[in-house]
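The structure appears right after this line, and notes come after that.
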Amino acid sequence: MNPLETTYLGLKLPTPIVAASSGLTGQPDKIRIMEEQGAGAVVLKSLFEEQIMYEAGKLAASHDYPEAGDYIRYYTKNNSIDQYLGLIEKVKKEVKIPVIASVNCVSAGEWTAFARRMEEAGADAIEVNMYFLPLDPDVRCHTWEETYFSLAEKIREHISVPVAFKLGQGFTNLVYLLDQLYKRKVNGVVLFNRFYEPDIDPEKMHFTAASVFSTPSDISHSLRWVGIVTSMVEKMDVAASTGIHDGMAVVKQLLAGAQVAQVCSVLYQKGPRHLGVMKRQVEQWMKDHSYRSLDEFRGKMNYKNLPDPAVYERSQFMKYFSGHH
Ligand SMILES: Cc1cc2nc3c(=O)[nH]c(=O)nc-3n(C[C@H](O)[C@H](O)[C@H](O)COP(=O)(O)O)c2cc1C
């Protein structure tokens with residue numbers, strides 16, 4: 001038996017290392033290399049809600065889309081819906097690993113009906129990445145969370161393949177959110193997305209982009225929450241994401257309880273063949289510790305299984321300050 005075999009969203013994967021959504025996963029030749037090197041599944045580059053609505057002729061009438069206008073028209077020229085459905089069909093023909101389609105959205109709007117076409121094109125699952133900045137002083141937090149719940153309900157009306165929600169880092173009670181999503185038949189969550197963040201150049205007095213790529217130390221936030229939520233919402237599959245750059249980072253996330261680890265920045269920095277290096281590092285670690293399957297050690301270090309689970313809760317620097325004078 002293949003010791004790295006796993007399931008994710010009810011799908012069978014040869015390894016727990018998943019190529020995360022990005023420009024790289026919009027290129028079938030790169031996806032073929034990723035499969036050869038040991039990717040367990042691929043999340044295709046995202047289609048944008050604004051793009052779907054623009055092509056459906058609905059965008060002009062809506063005020064919900066902050067990025068509407070020339071940018072979308074430009075983007076849509078090079079990335080039409082038909083091209084996206086064609087990408088799903090092509091990749092499905094060329095690789096055996098599960099192919100997960102991806103949508104970036106800002107609402108639980110009409111675009112959800114379109115998800116059925118992704119399913120019909122052969123997508124094995126759909127990953128939904130909803131993100132908006134709540135900025136209204138008169139709207140309570142719960143109202144924003146309700147948007148996620150209505151999205152879960154709406155998308156389930158249209159598709160039968162598994163669904164994963166890719167989430168940002170800013171939720172007050174993530175455990176509640178995940179439990180509610182699970183009750184609405186969301187099969188998995190990706191913790192966490194990493195967004196395009198701004199920076200300021202104080203000399204030139206203008207905005208610039210912060211580093212697009214993560215570093216290995218960015219893993220900590222995800223590691224904490226994977227360890228906590230996998231012991232509290234046990235049936236929800238969790239894909240760890242952000243800061244996973246080598247095989248040891250994959251092992252850490254599996255020990256925390258993740259079902260799979262999603263990888264992006266390091267594939268830009270070292271190329272898709274780095275997946276092979278990561279896979280061999282996981283295999284070697286399992287051999288060194290005499291594990292024959294992922295289930296033998298998955299979650300061994302999660303919140304529920306630690307004698308002192310408080311290590312996951314501790315966030316103040318008390319210990320650090322007491323030891324450093
Ligand atoms: C250049 C680039 C493009 C990305 N494009 C997408 C995208 O289209 N959709 C999406 O859901 N995430 C996108 N992401 C986020 C990644 O899928 C991933 O969640 C994030 O980068 C954190 O993982 P990492 O630390 O391994 O990079 C992108 C990331 C990068 C660096």
Side-chain angles (χ1 to χ4, degrees), residues 8-9 16-27 30-31 34 39-52 67 71-72 75-76 78-79 81 83-84 87-88 91 99-106 111 115 118 123 125-132 148 151 155 163-170 188-199 209-226 238-253 258 260-272 274-275 277-279:
Y8 173 54
L9 310 175
I17 311 174
V18 173
S21 179
S22 78
L24 293 177
T25 59
Q27 304 171 45
K30 296 245 164 49
I31 296 173
M34 290 173 189
V42 59
V43 187
L44 298 181
K45 74 168 186 178
S46 298
L47 196 61
F48 288 80
E49 170 181 355
E50 293 93 328
Q51 190 183 344
I52 297 168
E67 292 186 78
Y71 173 71
I72 297 170
Y75 187 84
T76 305
N78 303 312
N79 297 272
I81 290 177
Q83 270 174 328
Y84 195 81
L87 175 70
I88 298 174
V91 175
V99 175
I100 302 171
S102 161
V103 182
N104 282 349
C105 63
V106 291
W111 72 267
M118 292 181 165
I126 294 182
E127 188 178 280
V128 189
N129 171 12
M130 182 159 67
Y131 183 71
F132 46 80
Y148 286 82
L151 174 59
I155 200 157
V163 178
F165 271 38
K166 188 172 188 179
L167 301 175
Q169 302 192 354
V189 284
V190 184
L191 303 180
F192 294 99
N193 201 356
R194 185 165 189 277
F195 298 104
Y196 184 80
E197 302 282 6
D199 198 357
S211 169
V212 179
F213 300 126
S214 65
T215 64
S217 64
D218 290 330
I219 194 177
S220 327
H221 189 74
S222 162
L223 198 62
R224 161 182 281 152
W225 285 105
V226 168
V238 174
S241 164
T242 297
I244 300 165
H245 284 226
D246 59 23
M248 277 312 96
V250 176
V251 168
K252 287 181 198 179
Q253 289 288 14
V260 295
Q262 289 201 4
V263 184
C264 173
S265 290
V266 77
L267 301 185
Y268 275 99
Q269 291 166 328
K270 298 195 174 164
H274 185 65
L275 283 166
V277 176
M278 294 176 74
K279 179 185 166 202

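Read the numbers this way: they start at 1 and go in the same order the structure lists the ligands and their atoms. Numbering of residues begins at 1 and proceeds along the displayed sequence.
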>> Test your reading of the model: is there a side-chain donor-acceptor pair from Ser211 to the backbone of Phe213, 3.5 Å cut-off?
In response: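 Yes: the side chain of Ser211 pairs with the backbone of Phe213.
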
> Hey, does the side chain of Tyr131 reach the backbone of Lys166 with a donor-acceptor pair shorter than 3.5 angstrom?
Replying inline: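 It does not hold such a pair.
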
> Listed by chain and number, what are the side-chain hydrogen bond (donor to acceptor under 3.5 Å, both in side chains) partners of Lys30, not counting sequence neighbours?
Replying inline: Gln27

>> When you compare the side chains of Ser46 and Ser21, does any donor N or O come within less than 3.5 Å of an acceptor on the partner?
In response: yes

> Once you round to the nearest 0.5 Å, how far does CZ of Phe48 lie from OH of Tyr84?
Replying inline: 10.0 Å

> Around ligand 1, what residues show up once you keep those with a heavy atom under 4.0 Å from it?
Replying inline: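 If the criterion is a heavy atom under 4.0 Å, then ligand 1 touches Ala20, Ser21, Ser22, Ser46, Asn104, Asn129, Lys166, Asn193, Arg194, Val212, Phe213, Ser214, Ser241, Thr242, Gly243, Val263, Cys264, Ser265, Tyr268.
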
>> Could you report the tightest heavy-atom contact between Glu127 and Gln262, atom names first, then the distance?
In response: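 Closest approach of Glu127 to Gln262: OE1-NE2, 3.0 Å.
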
